[in-house]
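Below is one structure, written out as C-alpha cells; comments come after it.
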Amino acid sequence: MKLFTLVFILFFVLNNAQAQKTEEDNNSIIEEGYQLVKNRKLGNCLACHMIQGEDGPGYFGPPMVAMKARFPDRDVLFSQIWDATIKNPATSMPPFGKNMILTKNEIEKIVSYLLTL
C-alpha cells in the first residue's frame with residue numbers, strides 16, 4: 001500500500017510539473033507572437049489593424065477583436081495570414097507565408113497570440 005501511495009504521489013508531482021511547463025511554453029509562444037505582430041520588419045500587423053492598447057495607424061484592416069469568436073477554427077486564421085488572396089484575390093493584405101515574409105512557425109505564434117484577443 002505504501003508503494004502504491006508513493007507511486008501515486010510521484011505521478012501527481014510529475015504530472016503537475018508537466019502541466020506548469022506546458023503553460024509556460026504556451027505563454028512563451030503567445031509572447032513571441034505578440035512581438036511578431038508588433039515587429040515592423042516582420043508581421044507589422046499594427047500598420048493596418050487596430051489592436052486595443054497598441055499604437056499604430058490600424059485603420060485599414062479590420063480591428064483585431066473577438067478573434068476566437070471570429071475564427072473558431074484556428075486553421076482558417078492561419079490560412080488568412082498565410083495567403084489572404086485565396087479567399088479574396090483583391091485584398092491588400094500581403095500573403096505573408098506564400099511570399100516567405102513569415103515562416104510557418106512565426107505565423108503559428110501570431111495565430112496563438114491573436115486568439116487571445
Side-chain angles (χ1 to χ4, degrees):
M1 185 67 170
K2 288 181 183 181
L3 180 60
F4 176 76
T5 304
L6 181 60
V7 169
F8 178 76
I9 291 171
L10 184 58
F11 174 76
F12 179 77
V13 168
L14 291 175
N15 196 33
N16 192 35
Q18 181 61 35
Q20 287 177 337
K21 181 170 175 21
T22 301
E23 186 176 337
E24 290 171 7
D25 290 346
N26 287 342
N27 290 340
S28 176
I29 290 168
I30 290 167
E31 176 60 27
E32 289 176 42
Y34 171 65
Q35 293 304 322
L36 288 164
V37 162
K38 294 185 349 174
N39 188 319
R40 287 185 167 179
K41 294 180 181 178
L42 292 172
N44 198 21
C45 304
L46 296 173
C48 298
H49 299 280
M50 185 280 299
I51 296 178
Q52 186 174 3
E54 297 296 330
D55 291 330
Y59 62 87
F60 192 71
M64 297 292 147
V65 295
M67 295 301 287
K68 208 170 216 173
R70 290 172 49 203
F71 292 93
D73 183 347
R74 178 185 180 89
D75 293 338
V76 173
L77 180 54
F78 179 92
S79 295
Q80 180 67 17
I81 298 169
W82 182 266
D83 184 2
T85 64
I86 291 171
K87 286 181 96 173
N88 179 3
T91 186
S92 56
M93 182 166 168
F96 286 98
K98 179 179 154 189
N99 286 354
M100 295 183 287
I101 299 166
L102 295 168
T103 66
K104 184 176 183 176
N105 189 30
E106 289 169 331
I107 294 173
E108 286 290 353
K109 290 174 181 178
I110 290 171
V111 168
S112 292
Y113 166 69
L114 291 177
L115 290 176
T116 68
L117 302 178

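Note that this is a predicted model, so its numbers are computed, not measured. When reading the values below, keep in mind they use all heavy atoms of this one structure, side chains included, and skip hydrogens, waters and symmetry mates.
Remark: Lys98 pairs with Asp83 by the salt bridge (charged side-chain N to carboxylate O under 4.0 Å, His left out) rule, at least two apart or across chains. Every residue meeting the side chain to side chain contact (heavy atoms under 4.5 Å, CB included) condition with Asp73, not counting sequence neighbours, appears here in chain and number order: Asp75, Val76. Residues meeting the side chain to side chain contact (heavy atoms under 4.5 Å, CB included) test with Glu106, sequence neighbours left out: Leu36, Leu42, Leu102, Thr103.
Rounded to the nearest 0.5 angstrom, Ile107 CD1 and Leu114 CG are separated by 11.0 Å.
Sorted by first and then second residue, the ring pair (Phe, Tyr, Trp, His ring centres under 6.0 Å) pairs with a member in residues 63-98 read Phe78-Trp82; sequence neighbours excluded. Every pair tested for salt bridge (Lys or Arg N to Asp or Glu O under 4.0 Å) that includes a residue from residues 36-51 fails, sequence neighbours excluded, so the list is empty. For residues 108-117, every residue pair satisfying the side chain to side chain donor-acceptor pair (under 3.5 Å) rule, not counting sequence neighbours, is listed here: Glu32-Lys109, Arg74-Glu108, Arg74-Ser112.
Other members of the cluster containing Ile86 do not exist, because no ILVMFWY side chain is joined to it at under 4.5 Å.
Using a distance-only test at 3.5 Å, with no hydrogens or angles considered, a donor-acceptor pair links the side chain of Asn88 to the main chain of Ala90.
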Please determine whether side chain to side chain contact (heavy atoms under 4.5 Å, CB included) holds for the pair Leu77 and Leu115, giving the CA-CA distance in whole Å, both sets of side-chain angles, and the decisive distance to 0.1 Å. CA-CA 9 Å; Leu77 180 54; Leu115 290 176; 3.9 Å; yes

Residues 47-65 side chain polar contacts: donor-acceptor under 3.5 Å, at least two apart:
{"residue": "His49", "atom": "ND1", "partner": "Pro62", "partner atom": "O", "Å": "2.7"}
{"residue": "Glu54", "atom": "OE1", "partner": "Tyr34", "partner atom": "OH", "Å": "3.4"}
{"residue": "Glu54", "atom": "OE2", "partner": "Tyr34", "partner atom": "OH", "Å": "2.6"}

